[in-house]
Amino acid sequence: MNADLHPDIVDVVATEEDIAEALERISAQVREDYDGTDLLLVGVLKGAVMVMADLSRRLGTHTQMDWMAVSSYGSGTKSSGVVRILKDLDTDLAGRHVLVVEDIIDSGITLSWLLKNLRSRGAASVEVATLLRKPAAAKVTVDVKYVGIEIPDKFVVGYGLDYAERYRTLPYVGVLAPHVYSDSATLA
Ligand code: 5GP
Ligand code: MG
């Protein structure tokens with residue numbers, strides 16, 4: 001057992017090195033594909049904050065960023081399918097090349113809703129980059145151009161991902177000990 005591991009984490013699915021390597025690979029592809037075209041990165045708050053920070057710095061100067069906050073999860077650990085905009089973009093998307101920056105894709109419900117929403121605003125193109133993808137995402141028909149790391153179907157936290165607003169600042173992505181959420185469920 002790694003002595004540095006947070007006591008609520010039972011397994012690490014992406015180390016700091018894995019994350020850096022994945023973002024390096026994605027950024028190289030993005031730089032090649034867009035080749036100097038002005039790009040608007042759209043991050044989904046709050047989970048994508050770390051991915052946005054580390055990916056955007058690898059992409060160079062023809063890059064802007066904007067943020068949306070949507071709610072899809074309630075307080076549990078599974079998608080509800082209900083998506084609500086809590087904070088909208090400041091940027092007009094007409095004619096823009098948009099790259100949605102995501103932390104994780106699980107059911108893909110949030111993302112397919114988001115893509116439909118962004119495409120309806122007249123963007124020139126809308127693509128998706130995600131650091132993490134779970135197996136369920138393979139079943140949905142959302143086209144995700146850039147994928148960092150495929151992870152098992154476990155509830156994970158760290159590197160932006162939270163449980164009840166905790167664990168976002170862990171530098172790695174790990175599986176949360178199930179007792180952490182079953183304990184709080186009995187309190188709720
Ligand atoms: P989806 O709609 O694809 O099922 O889930 C989308 C959102 O749910 C993600 O952007 C993320 O906010 C949250 N999510 C999905 N899986 C996990 C997970 O394993 N851990 C955490 N902390 N959030 C998750
Ligand atoms: Mg997200």
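The first residue in the sequence is number 1, and the count goes up from there. We use all heavy atoms of the structure for the numbers below, so side chains are in, but hydrogens, waters and symmetry mates are not. Just so you know, ligand 1 is whichever comes first in the structure, and atom 1 is the first atom listed for that ligand. Just so it is clear, the model here is predicted, and its values are computed rather than measured.
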Worksheet item: So is Ile104 close enough to ligand 1, meaning a heavy atom under 4.0 angstrom away?
Response: yes
Discussion item. For Lys145, I'd like to know if atom NZ has over 12 heavy atoms of other residues, nucleotides or ligands within 6.0 Å.
Written reply: yes
Discussion item. Can you tell me if Val156 contacts ligand 1 (heavy atom of the residue under 4.0 Å from the ligand)?
Written reply: yes
Worksheet entry | Tyr163 to ligand 1, any heavy atom closer than 4.0 Å | no
Practice prompt. Give a yes/no verdict on whether any heavy atom in Gly108 is under 4.0 Å from an atom of ligand 1.
Written response: yes
Worksheet item: Taking 4.0 angstrom as the limit, do Asp66 and Arg96 come out as a salt bridge?
Response: no
Discussion item. Can you confirm whether His97 sits close enough to Asp38 that some side-chain heavy atom of one is under 4.5 Å from a side-chain heavy atom of the other?
Written reply: no
Item to complete: Could you tell me which atoms of ligand 1, counted from 1 in the order shown, lie closer than 4.0 angstrom to a heavy atom of Ile109?
Response: 2 (O), 3 (O)
Worksheet entry | Tyr163 and Asp8: side chain donor to acceptor below 3.5 Å | no
Worksheet entry | Asp18 side chain vs Thr15 backbone, donor-acceptor pair below 3.5 Å | yes
Worksheet entry | Enumerated ligand 1 atoms positioned under 4.0 Å from heavy atoms of Ser107 | 1 (P), 2 (O), 3 (O), 4 (O)
Item to complete: Of the side chain and backbone of Asp103, name the one, both, or neither that has a heavy atom under 4.0 Å from an atom of ligand 1.
Response: side chain
Practice prompt. Determine whether the side chain, the backbone, both or neither of Lys154 has a heavy atom under 4.0 Å from any heavy atom of ligand 1.
Written response: backbone
Item to complete: Taking atom CD of Glu165 as the centre, report whether more than 12 heavy atoms of other residues, nucleotides or ligands fall under 6.0 Å from it.
Response: yes
